[in-house]
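Naming: A, B, ... by sequence-line order, numbering from 1 per chain. Every heavy atom of this structure was used, including side-chain atoms; hydrogens, water molecules and symmetry mates were not.
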Protein chains: 2
Amino acid sequence: MLKKERHDFIMRQINLHNRVLTSDLVQLLNVSEDTIRRDLQELVDENLLYKVHGGALSKSYHSSFDDSTVYARDSKIAIGKKAVQLIKDGMVVLTGGGTTILEFVKRLPQGLSATFFTISPLVAVELAKYNNIEVILIGGLFSKNSQVTYGGQVITQLSEIKADLCLMGTSAIHPDEGLTDTYWEINQLKKAMLACAKKTAVLCISEKLDIALRLRVCPIESISYLITELEVGHESLAGYRAKELNIL
Amino acid sequence: MLKKERHDFIMRQINLHNRVLTSDLVQLLNVSEDTIRRDLQELVDENLLYKVHGGALSKSYHSSFDDSTVYARDSKIAIGKKAVQLIKDGMVVLTGGGTTILEFVKRLPQGLSATFFTISPLVAVELAKYNNIEVILIGGLFSKNSQVTYGGQVITQLSEIKADLCLMGTSAIHPDEGLTDTYWEINQLKKAMLACAKKTAVLCISEKLDIALRLRVCPIESISYLITELEVGHESLAGYRAKELNIL
DNA sequence: ATCAAAACTGCGGTAATTTGCGCGTTTGAT
DNA sequence: ATCAAACGCGCAAATTACCGCAGTTTTGAT
């Protein structure tokens, strides 16, 4: 393999995953560590990436402030990490959109082999960074507010899917009222998503607990897992524990 | 064997494999290394390939790996501005993906009222910033390389659309060979896109001119507009002017 | 057809690039 | 504090690139 090809390969990995480990590159490209280190140094000289102990990082990754402006990001990261535990090799997963789901996707293990359906373009782009994940983006009208696809076409396509697990963010959850939402279309969408998955996990930062909105998506019993940033035994979750859904 | 024959042979290898090793060419063509090196140098002078230590790489191959900093961004912005002129209120537009298309979208007038179909999640997200544009994202398998949806489902959905204009980026364009591409799936996709639009505009930075890859998408006659960053009268476009497509 | 100029090719010698390895140093986690 | 992993530096071997030269072929004009 020519040096230029290695450089291109490395840059591709960087653009795809925002980071790369020296040891991984050694295996993937089948050259010595020294060569990789020299390659990385040359790419640094060309101002194309940052080098760190153990590998390299994307330049744009650091300069993009997108992440830091995410509301309650720490909570969402914690939720994302917990949600990752539910994912096993070979699973068919359906996800919604939203910043919480996005944090979850970013924390999936590199080698994971699975199939993901999603209605969120941003989630799809993030999922595409994993080599062994097949990504199917469900198309339809694109919602400017929620940044997900919706409408009849989406619901029709959902009805043809059978997923092992559905992961969705939430607008509001309440022990008695269950999942609720404000917009009719989103409401319909969530119902369709629930219907096509064996199990459903709801990702929910604690401040959205105990709230009920106008439109009912489903009763609390339809949910398999509730994932918040709180400890499992936290008192705020008492009302949900009584409903015998799994709390993570 | 004549020099011209060697050059053709080398270019064929390049278009086929995107790369070629000097040592291989020495064996295949049964000439000295110096001759090969001189051949490669001449092809570089003709702007047909990149020479690297140990061999040469295809130009289009190289540009298909976009750097994190958008490659040739200024050119793409210029192309985007020209493409905007083709868009009128009420139009139904179909777009592909890629950084050039993205620059085009960013330069649409704010008040524009139109319907956009797209196979690119990133384009969809960008289009969603316009209040009066209806965005329909065409769903399907998501390509990790091209960052667009593809596959049978996409093609089926495309067949149900009738668009006024199709805007697509390009891997390579050639006066005689027309539009060509390297990947089968993308090739099929582009054919389907062409088929469902009344007119097609190809957005193409000048360095992708006069290149032919393995798979044929369509002859030059199927294209309505060719948009490059060059002036309309630029000499590089002479071969295309003869084909009576509109050059912007 | 003939001859000179230009182009092409291979060869020898030299310079530059690339790569892997050894080895002492630095780094980061426990 | 300690230790393994990661790092950087210099060196040597191998490969590749470059330069000038000479022999051969092609070109083009008479």
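- In this structure, the side chains of A/L203 and A/Y225 stay at 4.5 Å or more apart for every pair of heavy atoms.
- Across the protein-nucleic acid pair, A/E42 atom CD and C/dT19 atom C1' stand 11 Å apart, rounded to whole Å.
- OP1 or OP2 of C/dT9 sits under 4.0 Å from a side-chain N or O of B/R6.
- Using a 4.0 Å cut-off between charged nitrogen and carboxylate oxygen, A/E42 and A/R38 do not count as a salt-bridge pair.
- Distance from the side chain of B/R38 is smallest for C/dT9 among the nucleotides C/dT9, D/dC7, D/dT16.
- The pair A/K3-A/D39 does not meet the salt-bridge criterion, since no charged nitrogen lies less than 4.0 angstrom from a carboxylate oxygen.
- Using a 4.0 Å cut-off, no side-chain N or O of B/K4 falls inside it from OP1 or OP2 of D/dT26.
- In the interface, the side chain of B/D34 is paired with the base of D/dC19 through a donor and an acceptor atom under 3.5 Å apart.
- Residues B/V154 and B/I119 form a side-chain contact, since some pair of their non-hydrogen atoms from C-beta on lies under 4.5 Å apart.
- Atom pair B/R37:CZ and D/dT15:P shows a separation of 14 Å (rounding to whole Å applied).
- For the pair B/I223 and B/N246, the minimum side-chain heavy-atom distance is 4.5 Å or more.
- Distance from the side chain of A/T35 is smallest to C/dT19 among D/dA17, C/dT9, C/dT19.
- Nearest-nucleotide assignment on DNA chain C puts the 5′-proximal partner with A/L2, out of A/L2 and A/H53.
- When rounded to the nearest whole Å, the span between NZ of A/K51 and P of D/dA6 equals 13 Å.
- For D/dT25, neither phosphate oxygen OP1 nor OP2 lies less than 4.0 angstrom from any side-chain nitrogen or oxygen of B/K3.
- Of the charged side-chain nitrogens involved, none lies within less than 4.0 Å of a carboxylate oxygen, so that B/R12 and B/D8 do not count as a salt-bridged pair.
- Regarding B/I36, its CD1 atom lies at a distance of 17 Å from the C1' atom of D/dT15, rounded to whole Å.
- For the contact set between residues 21-33 of chain A and DNA chain D, defined by any heavy atom under 4.0 Å, the members are A/T22.
- Between B/R19 and A/E5, at least one side-chain nitrogen of the basic residue sits less than 4.0 Å from a carboxylate oxygen of the acidic one, meeting the salt-bridge criterion.
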